[in-house]
Amino acid sequence: MYREYKQLNLPALDAEILQFWEDEQIFKKSIEQRPADQSYVFYEGPPSANGKPGIHHVMARTVKDLFCRYQTLKGRRVARKGGWDTHGLPIELQVEKELGITKEDIGKKITVEEYNQACRDTVMRYKDLWDDITRKMGYWVDLDDPYITFENNYIESVWNLLERLYHKKTASGAPFLYKGFTIQPYSPAAGTGLSSHELNLPGCYKEVTDLSAVVMFKVKNTEKSAFLFSTEAEDVRIMAWTTTPWTLPSNVALTVGPDIHYAKVRTFNPYTAQAVSVILASERLSAYFNPENASIPMEPHDPAAKNPAIPYRIDRTFYGRDLLGIHYEQLLPYVTSPELETDGFVVIGGNWVTTEDGTGVVHTAPYFGADDFRACKENKVPFIGVYDDKGRLQPLVDRQGRFVQEMGEFAGMYVKAEYYPKEVTADKSFKSTDLLISLKLKDEGKAFKIEKYKHNYPHCWRTDKPVLYYPLDSWFIRASAAKERMAELNKTINWKPESTGSGRFGQWLENLQDWNLSRSRYWGIPLPIWRTEDESEEVCFGSVEALKQRVQDANAFINSKAGQELLSQQEIEAVIRSYDLVMRDDFDLHRPYIDQVVLIATNGKPMYRESDLIDVWFDSGSMPYAQWHYPFENEETFKRNFPADFIAEGVDQTRGWFYTLHAIAVLCFDSVAYKNVVSNGLVLDKEGNKMSKSKGNVVDPFNTIDTYGADATRWYMISNAAPWENLKFDLGGILESRNKFFGTLFNTYNFFALYANLDQWAIDEQNTMPYAERSELDRWVVSKLYNLVNDYRNAMDDYEPTKAARAIELFVDEHLSNWYVRLSRRRFWRGDMGPDKRAAYETLFECLMVVSQLSASLAPFFADWMYRNLTAPLREKAKHLHTPLRHESVHLTDLTQPDPGKIDQALETRMDYAQRICSLALSIRKKEKLRVRQPLQKILLPVLDEAFISDVEGVKDLILSEINVKEIEYITDASGLLKKGAKANFKTLGGKLGKDMKAAADLIAGMSNAEINALEKSGSKTVELNGNTYTLTPEDLLISTEDLPGWKVASDGSLTVALDVTLNDALLAEGTARDLVNRIQNVRKEQNFQVTDRIVVQIEKHPAILEAVLQFGDYIKAEVLAESIILEEALEAEKVELNDQVSLGILVSLN
RNA sequence: AGGGCUAUAGCUCAGUUGGUUAGAGCGCUACACUGAUAAUGUAGAGGUCAUCAGUUCAACUCUGAUUAGCCCUACCA
């Protein structure tokens, strides 16, 4: 028996199928039954289980899942190892929030050990939720044996990669892993430097309004600067602009463009009205001075007035190079040094200075800008800072983003307002440090202009607070040295969409910077590098074994004579402790343990670990190797699984995982890491806004799946728009998918099940009716089905799931349900099992079976449900005979192969005629208010071409029954009935007519019937247009029948249908008979009779039906399964409305 | 600031190498049909194809500019 259902309940169906998959281990079987040498490699980008899964994860994982399932059906072995991303800032921040601590407390209020333990406990917090959504959405991934980035084996593989880079050298001998001191983006709120790709994550650059200041540096009157002074006492100042006033105390130089033209201008300080002479780029004068004021009297303005006119005079002009070496007074003298007094506070040159904005003079603070740093180094300008307890020079802003104690009244202030707690900045009297500094400069007569300035400024992707550019010691990967190779290999990757690969990713590779690997953090993979304190010796480990060996060597050394002499007792004890530590079975490669490992250099000095951790992006980019603990284990497995055939993640991973996978693969193995990559877009709310907790527009994935089912959710997401477009997520859309696609398919299945059960029909796989013997309609739907198989495979092979899903929808809806089933209904419920009925069952079964396979990738639950229901009655036999339907799940079957032999283009053309003719005929009926149950005598079809009659004859029966007409009559020109019209065929005519096209179109439109016929007969016609002569052929005209005078006509393109609407008594009686059938069927249904029940019908005697019962009594009886129809003079029964005028009693009872 | 992508019906989306009247689904209105009924058919309403200019006999389609949105790039002081 086939299971029949009252109504579609997708969530219940999900539960049933899930249980089945788990009981029968279908996922496992789907992998293991495929040959190992036919692998299709998929990499799972590891999610972090310390956050809850969102609806966008359902989107991303649907994309991953559907291609993996598809390849499985194609016979590939698709192992899908799950993974967890367990390190990184988000986890640390969450722990700190929950423990109520900050970075500074680590090592004080809480030990590193405890802190890391807390992180370890947090990482898997929502694993259960993740497992649950994974299961419920039908994402097949192996979560029993996942890779976990904090495990020692994983870390060891990462170390191995780092060691490869450490020893790998560029052509010029530079190592790929190196340490450098640079100005880097740094997030004080997160307490860490940021890599360039972290800074390039979406949303990092935000438009913010900062305070900008144009300040004036007082020039010292020396021999060099004398030319700037008209009088000994003149107040000469250089103007510079900054958007970060907090860097002004760190100013040590002003940079000018040597070839830029500058001017000295006499004017007045806008705020104090004191006379002053300022120096700025000539081109920038107009930005600060109104030309009208060049001629007003040189008198001080009223500083209290609004927009006072401030007079000015250009005193003299010169080039930037003339200013080089000129010294000025320190602007904000909090910290200085003897070196600075002699070599600092000086004008230097830089060719990167522009006059696009500002003053053409760049305020230079070496610790807070990459250009500044380089410029000061090149010009030997001393840096400004204070010394820490180890005697190292540190900037005037500490790592929390606060001014150091030496900064007088600014000491301890955060340099950016965003770093303060909200309560502080919410206070109305709060003034940002930038503002306080600006006010001070104003008071001291050093400010020329203070104003707000809008610009884009980078923000930390995790804390959302602005970054500082800050000096840090870091380890880098010399990615820039391999950018050509990376770009070259990138060209071999199939990106979906293509533009992400060539555009976004490609351009990024072209401008590739070195990868800053260092993180000053606690919970992550430690750098496996040890150094002596004097940096004379360094070692990088690529395995735990090598580290252990080195520890053993160190232990041997301390027992030697040299060791005893060279090392202090403390150092000796440290080495002994190291030995005990690393030899433990549960030795943990994380901090703080790894930091306790002390080694001995060849010169006998102790070596300590470089304290940095590595960027977590390196963790996830290492997964192709580290998930197998390569190269320490699983060499064969790794080789079979590298590179990946397919990966998919959000487009936001372009600079994240997609990059790190690519970079590591290219640098370490000179290979791509993946061959095909799908980057999916954002999931927005239905209005197109980003989903965020604060907006309250977040869609809960559990809720959604519980309500609508996983398949409808998945189907909606993929069929609605291509994965790489942003999806405006609308629950209404899921409902639509459920009703339209799943509802239709469900109805079709239920229809099949109903009759197949009545007929006890099951397919005999080895003995089906040859297609050639089946009806036109059967062969047509099979032809459509195999076109679908082609289209589907092509779309999926091209990683275009949206096209694939839409193709299935079209077939199920338009072709299968709306045409094939609708027109075949009678074949299923009429008569006994004969060849035609058998063909109908076999055809419908095949369609449903193949559709279940094709939809299995995207709708794994429903497809399996349908497949299992369809095949349940024959599975035992199939197993016994080893036929294709022996599999217990659709996910274990082999995808139907394309079969050109089943595609019949000519048949599809014929059916297209049938569909269009029916549609036109029905539209005439509608217009003439002639119900379809009323039979009509005939339709007339003007003949289009030679094949037309035979084409239509092939599908004649379908047309006649569909539109309830008795016959088709073909008419040709000879009949004289046709009134033809013609339009110009622009495509053929355009080229040869050119400018005369318009005139030709008018001429053709105006051609008479006779002219058109003449042209058709003779095959050509010469016309003259605007003095040019052209020859028209029939192909240049699009000829259609415009009308058949005296008939009701409708047309579609060249196809025209005329309907004979005259009625006679016989037709009317038959119409009434069909109405009666319908009414009696309705009564049957109302009374819940079985479809097979035989009945007796009593009808109230009424003149309107007499003729119908008389002439068509047998027909009615056959249709409604009645033994007899009795006309009663009077009948106690409910009145049934036959038409507008007539109502009569009908009584139906079981025979 | 520069670069890229996008802009088609109320909504979600198609739209071939430029070619006649720009389509589908949903939603809306009316009428039908049905032994598939959360389905279906027919018809109707709904479009300045973002704006402007150019190329062309002909532009939703090609080119340029503009506007809006998104993404990317940038130390830009």
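Residue numbers start from 1 in every chain, and the chains themselves are labelled A, B, ... in the order their sequence lines are given, proteins ahead of strands.
Counting non-hydrogen atoms under 4.0 angstrom, A:Leu8 reaches a base of the nucleic acid. Residue-level contact check: A:Leu1121 touches the bases, meaning some heavy atom is under 4.0 Å from a base atom. Within the 4.0 angstrom heavy-atom criterion, no nucleotide atom of any strand lies near A:Asp372. Across all strands, A:Val821 comes closer than 4.0 Å to base atoms (heavy-atom distances). Counting any heavy atom pair closer than 4.0 Å across all strands shown, A:Arg925 reaches no nucleic acid atom. Within the nucleic acid shown, A:Thr247 has no heavy atom closer than 4.0 Å to any nucleic acid atom. At a threshold of 4.0 angstrom between heavy atoms, the contacts of A:Tyr755 are confined to the sugar-phosphate backbone, with no base atom among them.
Only the P atoms considered, B:U8 is 11 Å distant from B:A14, to the nearest whole Å. To the nearest whole angstrom, the two C1' atoms, one in B:A74 and one in B:U16, are 40 Å apart. Taking atom C1' on both nucleotides, B:G46 is separated from B:G23 by 14 Å, rounded to a whole Å. Using C1' as the reference atom, B:C60 and B:A22 are 7 Å apart when rounded to the nearest Å. Rounded to whole Å, the separation between the C1' atoms of B:G10 and B:C52 comes to 27 Å. The gap from the C1' atom of B:A9 to that of B:A24 amounts to 11 Å, rounded to the nearest Å. For the C1' atom pair drawn from B:C26 and B:U21, the interatomic distance equals 24 Å after rounding to whole Å. For the P atoms, the distance from B:C71 to B:U29 is 38 Å, rounded to whole Å.
Distances were taken from every side-chain heavy atom of A:Asn739 (C-beta onward) to each of B:A36, B:A38, B:U12; the shortest belongs to B:A38. Closest contact between the side chain of A:Glu736 and the listed nucleotides B:G25, B:A36, B:A14 involves B:G25. In the set B:G25, B:C75, B:A36, B:C75 carries the atom at the smallest distance from any side-chain atom of A:Tyr469. If you check B:A38, B:U40, B:A36 against the side chain of A:Asn818, the one that comes closest is B:U40. Closest to the side chain of A:Lys740, out of B:G25, B:U12, B:G41, is B:G25.
Atom P of nucleotide B:A39 and atom CD of A:Glu809 are separated by 15 Å, given to the nearest angstrom. The nearest whole Å value for the distance from the CD1 atom in A:Ile917 to the P atom in B:U42 is 15 Å. In this structure, A:Leu509 atom CG and B:G3 atom P are separated by 21 Å, rounded to whole Å. If you measure from atom CD of A:Glu800 to atom P of B:A14, you get 11 Å, rounded to the nearest angstrom. In this structure, A:Ile963 places its CD1 atom 22 Å from P of B:U40, rounding to the nearest Å. Rounded to a whole Å, the CD atom of A:Glu814 is 13 Å from the C1' atom of B:A39. Rounded to whole Å, atom C1' of B:G41 lies 12 Å from atom CG of A:Leu823. Following rounding to the nearest Å, A:Phe742 (CZ) and B:A38 (C1') show an atom-to-atom distance of 15 Å.
One N or O donor and one acceptor, one from the side chain of A:Arg825 and one from the base of B:A36, sit under 3.5 Å apart. Side-chain N/O atoms of A:Ser817 and base N/O atoms of B:A36 include a donor-acceptor pair closer than 3.5 Å.
The side chain to side chain contact (heavy atoms under 4.5 Å, CB included) test applied to A:Pro497 returns A:Ser499, A:Thr500, A:Ser679, A:Trp724, not counting sequence neighbours. Every salt bridge (Lys or Arg N to Asp or Glu O under 4.0 Å) that A:Lys740 has, sequence neighbours left out, goes to A:Asp813. Partners of A:Ser737 by side chain to side chain contact (heavy atoms under 4.5 Å, CB included), not counting sequence neighbours, listed by chain and number: A:Trp715, A:Tyr716, A:Ser719. For A:Ala487, there are no side chain to side chain contact (heavy atoms under 4.5 Å, CB included) partners at least two apart in sequence or on another chain. In this view, A:Arg827 and A:Ser775, A:Leu777, A:Asp778, A:Tyr820, A:Ser824, A:Asp836, A:Ala839, A:Ala840 satisfy the side chain to side chain contact (heavy atoms under 4.5 Å, CB included) rule, not counting sequence neighbours.
Look at A:Lys496 and A:Glu800 and you find a salt bridge, because one of the NZ, NE, NH1 or NH2 atoms lies within 4.0 Å of a carboxylate O, short of that distance.
For A:Lys728 and B:U12, the shortest distance from a side-chain N or O to OP1 or OP2 is below 4.0 Å. Using a 4.0 Å cut-off, some side-chain N or O of A:Asn720 falls inside it from OP1 or OP2 of B:C13.
Shortest non-hydrogen contact noted between A:Met717 and A:Phe729 is CE-CE1, 3.6 Å.
For the residue pair A:Ser480/A:Asp514, the side-chain donor-acceptor check at 3.5 Å is satisfied. Checking A:Thr364 against A:Thr255 by side-chain atom types alone, a donor-acceptor pair falls below 3.5 Å. Residues A:Thr244 and A:Thr247 bring a donor and an acceptor atom of their side chains to less than 3.5 Å of each other.
Along RNA chain B, the nucleotide nearest to A:Asp813 and the one nearest to A:Gly360 differ in position, and the one closer to the 5' end is contacted by A:Asp813.
For RNA chain B, each stem of at least three Watson-Crick or G-U pairs (distances under 3.5 Å) is given as range with range: B:1-7 with B:67-73, B:10-13 with B:23-26, B:28-32 with B:40-44, B:50-54 with B:62-66.
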